[in-house]
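Scroll down for the structure; my scribbles are underneath it.
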Protein chains: 2
Amino acid sequence: MFKIDEVARETGLTKRTIRYYEEIGLMPAPERSEGGTRQYTQAHIEHLQRVISARDVLGFSLQEIQEYMGYAQALTGQRELYPQIREPERQLEKLREMDGTLEAQLRALDEKVGKILAMKQELEQFRNRVNAGIARLEHEHLQNEHQPETKITEGKNS
Amino acid sequence: MFKIDEVARETGLTKRTIRYYEEIGLMPAPERSEGGTRQYTQAHIEHLQRVISARDVLGFSLQEIQEYMGYAQALTGQRELYPQIREPERQLEKLREMDGTLEAQLRALDEKVGKILAMKQELEQFRNRVNAGIARLEHEHLQNEHQPETKITEGKNS
DNA sequence: TCTAACGTTGACGTTAACGTTATTATGATG
DNA sequence: CATCATAATAACGTTAACGTCAACGTTAGA
C-alpha cells in the first residue's frame, strides 16, 4: 500500500497529475483509509506507467489513452474480458468489435514505426553531411599547421 | 507559387494554423505579393509536411519541433550548413555540437521505436486472447445448432 | 497528546495550440 | 471597373492538461 507521494516518486508524475488522472477516469480510484487517504497498490503504479508510456511515446491525448487503456486493463486481468454480458450472441459481437479495434490500433502502430524510421533515415543522412564537413575542416586545419609560414612570408623579400 | 488556401488543402492544415506556425517561427515567412498576400513555394509545403509528421508521429510540442526543424531545414538545403560563421574553429565547434545533438535525437528515436514495438506485442497478445474467446464461443454456438431439438422434445412422450 | 509533515478538496490560474469573428484590403473575372 | 470570392490583421474565445494556493483534515512520531 502506497501513499500518493510514493507513487509520485515512483512514476515521476506530480501528485496533482495523479489525482487528475483519477478524476477524469484514466485511473481506477484506489481504496481509501478511514480518514480518506488514498491507498495505492502496485497495480496502480503499473497502470500509471502504461499511461505515461502511451502519452509520451505515442503522443496520445488523455482521451485516446482512455480507450487504449480499456484493453490494457483487460490484458492485465484487472478487468474481465467480457464482463456482465450474459447472451453469447452479444458477447461474440463485442469480441469481434474488439478484434477490429485492436487490428486498427496495430496498423496505426506499424504506420508510426514506419514514419519514425523514415525520419531516422533523414537524420542519418544529414549527420553524414555534418561529419563530412567536420572531416573537411579538420583536414584544412592540418594543412595550416604543417606549412603555415610559407604563405605568410611569401613575397616579403628575395 | 501557391496561395494559402491551396497550401491548406495540400497539407490538411487550416489557414489559421499555417499563419500561426509562421507567427511562432515554425515556418519561414513566405514572400508577399505587392498587396501583401502570402506566396508559398513547394518547399514551404514540404516543410509543413515535416512539421506535421513530427507533431503527429513523434508527439513533439511545437517548441521541440522548432529545434528539430533547424536541422530538417538544413537538410533540404533551405539553409546553409554553417551559415555566417567565418572562423573555421568556431565552425568546427558548431558542427561537432550538431553531430552530438543528432546522435541524441537518433537515440531518442530508437528508444521510441522500441517502446512502440513493446506496446505492439502486448496488444497482439491481447488480440490472441480475444480471438481465442471468439473461437470458443463459435464452437459452443455450433453445438447448440446441431442438436437443439433433442433436449427440448425430450421427455414429452414415448 | 501534541505537533510537524503530509493528504484532501475546492477553486482559480496558466500555457499551448489553435478556433472564431469582425473588419478591412486584395485580386481575378466578366 | 465593378464585384465577389479570398486574403490579412486584430482580437477575443476555447480546450486540454495540468499548476498553485488556501483552508482544513489526517497520521506518525517524540
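Just so it is clear: chains get the letters A, B, ... in the order the sequence lines come, proteins before strands, and each one is counted from 1. Worth knowing before you read on, the calculation uses all heavy atoms, side chains too, and leaves out hydrogens, waters and symmetry mates.
Within the 4.0 Å cut-off from OP1 or OP2 of dA8(D), at least one side-chain nitrogen or oxygen of Arg38(B) is found. Taking side-chain N and O atoms only, Thr37(B) has no distance below 4.0 Å to OP1 or OP2 of dA8(D). Under 4.0 angstrom from either OP1 or OP2 of dC18(C) there lies at least one side-chain N or O belonging to Tyr21(B). For the pair Arg16(B) and dA10(D), the criterion of a side-chain N or O lying under 4.0 Å from OP1 or OP2 is not met. Contact check, Arg19(B) against dT9(D): no side-chain N or O comes under 4.0 Å of OP1 or OP2. At dT9(D), one or more side-chain N or O atoms of Arg32(B) fall inside 4.0 Å of OP1 or OP2 (strictly under the cut-off). Within the structure, every side-chain polar atom (N or O) of Thr17(A) is placed at least 4.0 Å from both OP1 and OP2 of dA17(D). Note on Thr14(A): every side-chain N or O is 4.0 Å or more away from OP1 and OP2 of dC18(D).
Atom-to-atom, OH of Tyr40(A) to C1' of dT8(C) comes out at 11 Å; the value is rounded to the nearest Å. Rounded to whole Å, the distance from CG on Leu62(A) to P on dA16(D) is 10 Å. Computed from coordinates, the Asp5(B) CG to dA8(D) C1' distance equals 13 Å when rounded to whole Å. Distance, Asp56(A) CG to dA17(D) C1': 13 Å, rounded to whole Å. Rounded to an integer number of Å, the gap from CD1 of Ile52(B) to P of dA17(C) is 15 Å. Rounded to an integer number of Å, the gap from CD1 of Ile24(A) to C1' of dT15(D) is 13 Å. Rounded to whole Å, the distance from CD1 on Ile18(B) to P on dT6(D) is 15 Å. In this structure, Lys15(A) places its NZ atom 12 Å from P of dG19(D), rounding to the nearest Å.
A distance of 5.5 Å separates CE in Met27(B) from OH in Tyr40(B), rounded to the nearest 0.5 Å.
With Thr37(B) contributing its side chain and Ser33(B) its backbone, the two residues share no donor-acceptor pair below 3.5 Å.
With the nearest nucleotide of DNA chain D identified for both Lys3(A) and Tyr20(A), Tyr20(A) has the one nearer the 5' end. Nearest-nucleotide positions on DNA chain C for Glu34(B) and Gln63(B) put Gln63(B) closer to the 5' end.
Salt bridge status for Arg136(A) with Glu140(A): present, with a side-chain N to carboxylate O gap under 4.0 Å. A salt bridge does not link Glu31(B) with Arg38(B): every distance from a Lys NZ or Arg NE/NH1/NH2 to an Asp or Glu carboxylate oxygen is 4.0 Å or more.
The shortest heavy-atom contact between Lys112(A) and Asp56(B) is NZ-O, 3.5 Å.
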